[in-house]
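Notes follow once the structure below has been shown.
Residue numbers begin at 1 in each chain, while the letters A, B, ... track the order of the sequences. Side chains included, hydrogens not; waters and symmetry mates left out as well; all remaining heavy atoms used.
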Amino acid sequence: MNTTHSDISITPFPDALAEAGLQQFYLTPPLVHCLTNEVVQSFTANVLLALGAFPAMVVEAQEAAQFSAAADSLLINIGTLYRARAESMLAAITAANQSATPWVLDPVAVGGLSYRTDFAHHLLVLKPAAIRGNASEIMALSGLTAMGRGVDSLDDSRAALPAARQLAQQTRAIVAVTGAVDYVTDGERVFAVSGGDKLMTRVVGTGCALSAVVAAFCALEGDRLHHVATACWLMSQVGGQVAQQVAGPGSFIPAFLDGLYNLRC
Amino acid sequence: MNTTHSDISITPFPDALAEAGLQQFYLTPPLVHCLTNEVVQSFTANVLLALGAFPAMVVEAQEAAQFSAAADSLLINIGTLYRARAESMLAAITAANQSATPWVLDPVAVGGLSYRTDFAHHLLVLKPAAIRGNASEIMALSGLTAMGRGVDSLDDSRAALPAARQLAQQTRAIVAVTGAVDYVTDGERVFAVSGGDKLMTRVVGTGCALSAVVAAFCALEGDRLHHVATACWLMSQVGGQVAQQVAGPGSFIPAFLDGLYNLRC
Amino acid sequence: MNTTHSDISITPFPDALAEAGLQQFYLTPPLVHCLTNEVVQSFTANVLLALGAFPAMVVEAQEAAQFSAAADSLLINIGTLYRARAESMLAAITAANQSATPWVLDPVAVGGLSYRTDFAHHLLVLKPAAIRGNASEIMALSGLTAMGRGVDSLDDSRAALPAARQLAQQTRAIVAVTGAVDYVTDGERVFAVSGGDKLMTRVVGTGCALSAVVAAFCALEGDRLHHVATACWLMSQVGGQVAQQVAGPGSFIPAFLDGLYNLRC
């Protein structure tokens with residue numbers, strides 16, 4: 001089943017591994033500290049709650065540190081970064097690292113905007129457990145451009161796979177580059193996750209919520225590459241199924257949350 | 001119908017009182033100034049709008065004071081507290097007190113996190129009209145632990161009733177400790193409100209929105225204990241009914257707002 | 001079809017112009033930088049995404065300037081204004097003006113609250129492309145009171161039309177004063193847009209989202225008066241139709257987003 005392309009071996013992520021990961025998740029639903037952007041906080045919390053996890057947003061620097069030390073994982077999403085929130089993020093990451101709380105980076109819109117790009121590069125040395133971004137974000141973060149050929153679209157996650165692998169090797173994080181197909185790598189192994197639907201790009205926060213789910217799965221013991229791929233898999237599975245059943249992006253939102261909730265059944 | 005337990009007399013809140021309170025509410029739907037957390041602002045506003053009230057979020061300190069003086073009531077929710085917002089809250093509360101605008105405290109996550117816990121204790125001397133929290137929040141705020149025995153769960157509102165009564169006596173606020181059953185007390189009388197559904201714990205902001213509804217009902221003339229219990233009653237009634245009819249937490253949200261809107265009919 | 005009243009000639013906005021504007025919009029869906037209030041960010045983004053536009057919220061001052069220079073248009077909504085965000089808005093507007101990026105002002109609650117009223121008046125000299133507000137906001141911004149008679153209600157957009165015309169003449173912006181009927185003027189011509197539904201006043205952010213759609217349409221080449229009227233027309237058309245089909249404000253939200261999405265079909 002493996003395919004080789006440009007010396008990268010890609011394995012479709014097996015459903016059996018995803019289902020095992022999901023069962024493990026349900027045994028100990030994690031408490032996830034989310035320092036995320038202003039636009040998606042409510043949807044992010046509802047996605048985690050639907051899955052049975054416990055989201056919390058604690059934003060003042062001192063408390064953010066206190067809370068990250070106690071949480072099972074931490075999400076850092078820089079979509080609406082500003083100075084005070086950046087300080088809280090640094091305090092939370094420092095405390096997380098001291099307590100061995102895994103933390104996940106969503107480098108929203110890194111590349112063109114200089115403040116967040118500098119900040120995200122600084123965060124890379126602070127040992128993220130995982131990084132989840134789209135093709136252009138992962139390429140910008142890795143410093144690699146598209147291997148001598150143009151990237152076909154912002155969604156061309158395949159073209160960003162070399163950048164994702166390099167970023168994973170450099171940071172020792174699991175890197176998920178998501179798009180029509182998601183690729184999840186530890187720098188050596190690569191899993192491909194299919195599914196999802198273009199309709200999800202018409203709903204704000206689906207990518208950001210995926211990063212929160214990645215953070216939730218990073219709280220689990222075991223092979224983190226599998227856990228991050230499981231997070232991508234469940235969002236793609238439910239999103240793809242729900243998209244076929246709804247009239248548009250508005251009704252997608254409640255149906256998607258219901259779908260995540262009913263995965264457990 | 002009253003039951004006595006540990007020398008506390010508890011009365012189920014009568015539907016007739018709730019319905020009378022609701023009719024009074026509809027006669028003069030209040031303008032509610034909400035200084036609430038980042039995650040739930042939209043849902044909170046939609047809950048108040050569905051009921052016919054007028055929510056407004058005015059956040060800069062000077063304006064927050066100006067607006068609280070004019071509003072019918074003020075909600076203070078410290079879920080995503082940070083320094084600038086804390087200053088706005090203090091300015092708003094001071095102006096509210098000068099204008100006899102009642103204000104309500106939702107002490108989100110008080111207990112474990114020190115910044116907000118200190119802030120919430122400071123607020124207690126500023127004469128809240130009501131306080132709405134879960135068992136652990138009300139116990140942390142009262143300083144009472146669980147009367148010599150462990151609290152069975154975070155939702156064990158009954159175990160927090162002694163703390164709620166003491167907090168009400170100490171602050172002269174109406175205290176609502178909510179969970180599977182809500183208890184509402186002025187320190188002497190205790191009303192119990194049943195209903196609701198566990199599904200509501202899988203939707204972000206149901207508790208925060210209840211606190212906003214409590215603030216709205218605190219704007220009414222008459223027995224404030226009844227008004228706060230009415231707020232709990234209507235959220236439990238509608239939430240409990242809607243939860244039976246939906247496929248999950250996603251479809252709960254629109255159905256719950258519709259249910260609140262259609263209460264009036 | 002034109003009606004004359006108090007020397008103002010008002011033309012119902014023709015469906016054919018709206019449909020042509022919509023087709024033009026679909027050819028080059030704009031990237032809209034939204035500096036909007038905390039309560040409505042998610043709904044605003046979802047409305048723009050449903051229409052096929054690309055919303056982005058970049059809030060730190062330096063980045064906000066960088067991004068506005070690259071965006072197709074900029075929305076400034078002062079609903080939850082505070083000092084740091086006001087600085088970001090000024091930086092974004094300055095950059096927008098230098099890059100000929102059109103920007104739109106939504107003067108939420110201007111009039112009674114002094115901080116935002118001063119700020120909004122300051123913004124008027126910075127050449128907004130359009131201003132969208134309700135009757136009381138437009139009257140407060142223009143300095144005109146209701147022409148010697150009382151305004152019947154906050155929704156009496158007709159009474160604010162003289163103020164809207166004067167504001168348009170003074171600022172050279174297109175001014176939309178919205179309510180049961182929306183009036184859109186360049187100071188000389190006036191288009192009336194009917195439709196919508198009272199239910200929309202029970203959903204937070206419908207007016208704010210309209211301002212974002214106005215900003216999106218200001219990115220188009222051609223007669224800006226027509227484009228702003230098209231924005232009002234499409235929100236009124238879809239809102240009015242959807243309101244007839246739903247059980248309340250909760251189910252209005254997903255159905256409205258679906259309706260906007262399916263306009264294209």
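- When heavy atoms are compared at a cutoff of 4.5 Å, C:Ala65 does not approach chain A at all.
- Of the atoms belonging to C:Phe256, not a single heavy atom falls under 4.5 Å from chain A.
- Residue C:Glu221 qualifies as open at atom CD: its count of foreign heavy atoms under 6.0 Å is 12 or below.
- Between A:Arg85 and A:Glu38 there is no salt bridge, since none of the side-chain N atoms of the basic residue sits less than 4.0 Å from a carboxylate O of the acidic one.
- When heavy atoms are compared at a cutoff of 4.5 Å, A:Val40 does not approach chain C at all.
- Remark: the A:Gln170 side chain and the A:Ser142 side chain contain no N/O donor-acceptor pair separated by less than 3.5 Å.
- Contacts between A:Leu81 and chain C at a heavy-atom distance below 4.5 Å involve the backbone alone (N, CA, C, O).
- Using modelled atom types, one finds a donor on one side chain and an acceptor on the other under 3.5 Å when comparing C:Trp233 with C:Asp15.
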